[in-house]
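Structure record follows, encoded as structure tokens.
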Number of protein chains: 2
Amino acid sequence: MSAKATDTDTEQLIKDTAKKVFFSEGRFNATTQEIADAAGVNRTLINYYFRSRNNLFDIVFQDAQVQEHDMMEKIIFSNLSFKEKLSQHLDVFFEQTKKYPYLEIYMVTQMNQGNCYKDKEHMNMLLDKFYLEVAVEMEKGNIERMRPEQFVLNFVSLMSFPVSMRPLLQETMGFTKEGYDKLLEERKDVIMNTLFIK
Amino acid sequence: MSAKATDTDTEQLIKDTAKKVFFSEGRFNATTQEIADAAGVNRTLINYYFRSRNNLFDIVFQDAQVQEHDMMEKIIFSNLSFKEKLSQHLDVFFEQTKKYPYLEIYMVTQMNQGNCYKDKEHMNMLLDKFYLEVAVEMEKGNIERMRPEQFVLNFVSLMSFPVSMRPLLQETMGFTKEGYDKLLEERKDVIMNTLFIK
DNA sequence: TTTGCATTTGACAATTATGTCAAACATTAA
DNA sequence: TTAATGTTTGACATAATTGTCAAATGCAAA
């Protein structure tokens, strides 16, 4: 029992560390040695638990995707109002991406190198449901009229870009870490105001 | 003369090919061999002309940055109206990023690995000038009131994200290549409508 | 034609990263 | 205590990639 607990601990530790190295620090090319060092374990343990570096990568990546996906689903199928759904999604998203700012960027670089795990069918179902809600809001005059897909693009753009591209934007716009943090905090209100007609 | 022209040709060919491999195809880890193959030249020529792989990378990257920067400057210092400046910037940007969709993402991953070539002072000057213009537009009631920095974030987010993250978005949202192209074409109007009060 | 120079090439050396393996170690159950 | 099982380790083999170098090639001027 405690033996099994120990090995699961090490396994989990390696996973967590890899996730941090890859998606918090953005070091996509980190070697197994670097990951092992960061986790404080012997390098070969990575092979022992995960067979290969690639496999570890895949597992960590897939985990992250599933987690993100579940979060989306929970909110979309909640019985919150449309506006509250967006608001809540913003909260959860900002929290997640502050921890792992490089996750989305990594997904992009992987996507057309052939690696893709998205459950497309399920995702389409979620999207279709959401498109309908968007259309209703347009009818009500709460949001600007446009193709629902464009509204979704607007939403994810305004939400994701400043976090995903933070290193670039913070530097180019000449912000300190604190200054940019502040900017992000104000961001939620700005987004809601931009998307909804007053 | 023609000897010099020939070597410059090869040098330029390698540069162009590297740029394409890195920033059009997103293969950031491409080996020197792969780049050489893509250019149809001997691998060691990369060392001959550029000393090292890293150096080639840096040169290509820096070139791209300067180019982007110049483009921005030209528009900001033009005597177009505010709205026309944004409109023109959208045109030029979409054209560029269709060619090199991975450029921005690469910049992000490099930025906090210590590589940064941006001319910060100059960039700040451009931004400050732009912030002033934004403030004026708010006074006029043409755009929503907010911190000018937030308006800039809105603008670049709406513009860049759908292009930068294309591989991810196209896949997740279930678009074909053509469908997504169409979406992007409609995008300019959507952005202008989202940013400006009617 | 020959000399000189830039360019191109293939062979080699050095480095780095990955994965395998057998041995050492620890822990639990008999 | 001992056997059995799972975990950890260091040493080694393999593979991939980069960079150097001397020789070969081609071209242009003397």
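The sequence lines fix the lettering, A, B, ..., with proteins before strands; numbering per chain opens at 1. Not measured: the values here are computed from a predicted model.
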Between [X] ([atom1]) and [N] ([atom2]), how many Å, whole number?
X      : N       : atom1 : atom2 : result
E11(A) : dG6(D)  : CD    : P     : 14 Å
N29(A) : dT18(D) : CG    : C1'   : 15 Å
Y48(A) : dC25(C) : OH    : P     : 17 Å
L56(B) : dT17(D) : CG    : P     : 16 Å
I46(A) : dT9(D)  : CD1   : C1'   : 14 Å
D9(B)  : dA6(C)  : CG    : C1'   : 14 Å
L45(B) : dG26(D) : CG    : C1'   : 14 Å
N42(B) : dA6(C)  : CG    : P     : 19 Å

Original post:
Which of residues 14-21 of chain A sit near DNA chain C, with a heavy atom under 4.0 Å from it?
Top reply: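 Under 4.0 Å from DNA chain C: no residue of residues 14-21 of chain A.
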Subject >> Within 45° cone of Y100(B) ring axis and under 6.0 Å: K19(B) NZ or CZ >> reply: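 The answer is yes; both the distance and angle limits are met.
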Subject >> Closest to side chain of Y49(B), choosing from dT8(C), dT18(D), dT9(D) >> reply: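 Output: dT8(C).
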Original post:
So which nucleotide from dG19(C), dG6(D), dT18(D) ends up closest to the side chain of R43(A)?
Top reply: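 Taking heavy atoms from C-beta onward, the closest nucleotide is dG19(C).
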Distance from [X] atom [atom1] to [Y] atom [atom2], nearest 0.5 Å?
X       : Y       : atom1 : atom2 : result
M159(B) : F155(B) : CE    : CZ    : 4.5 Å
N29(A)  : T109(B) : CG    : OG1   : 8.5 Å
F57(A)  : F50(A)  : CZ    : CZ    : 13.0 Å

**OP:** Inspect the contact between E137(B) and R145(B) and indicate whether a charged nitrogen and a carboxylate oxygen are less than 4.0 angstrom apart.
**Re:**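 Salt bridge absent between R145(B) and E137(B).
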**OP:** Tell me who clusters with M71(B), hydrophobic residues only, linked when side chains sit under 4.5 Å apart either directly or through other members.
**Re:**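 For the cluster that includes M71(B), the remaining residues are I75(B), V92(B).
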Using OP1 and OP2 only, check whether a side-chain N or O of [X] sits under 4.0 Å from [N].
X      : N       : answer
N47(A) : dG19(C) : yes
T31(B) : dT17(D) : no
T44(B) : dT9(C)  : no

Original post:
Given the rule in the salt bridge (Lys or Arg N to Asp or Glu O under 4.0 Å) test, do D181(A) and K177(A) qualify, once you have shown the distances and angles that lead to the verdict?
Top reply: CA-CA 6 Å; D181(A) 275 337; K177(A) 189 188 171 314; 3.1 Å; yes
Subject >> Passing option when K15(A) is tested against D58(A), D63(A), D9(A) for salt bridge (Lys or Arg N to Asp or Glu O under 4.0 Å) >> reply: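 Testing K15(A) for a salt bridge (Lys or Arg N to Asp or Glu O under 4.0 Å) against D58(A), D63(A), D9(A) leaves exactly one candidate, D63(A).
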Original post:
Please walk me through it: do E186(B) and R147(A) pass salt bridge (Lys or Arg N to Asp or Glu O under 4.0 Å)?
Top reply: CA-CA 10 Å; E186(B) 300 167 10; R147(A) 279 178 65 187; 3.0 Å; yes
**OP:** Return the residues of residues 33-41 of chain B meeting this criterion: a heavy atom under 4.0 Å from some atom of DNA chain D. Order them by number, or give none.
**Re:**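 Contacting residues: none.
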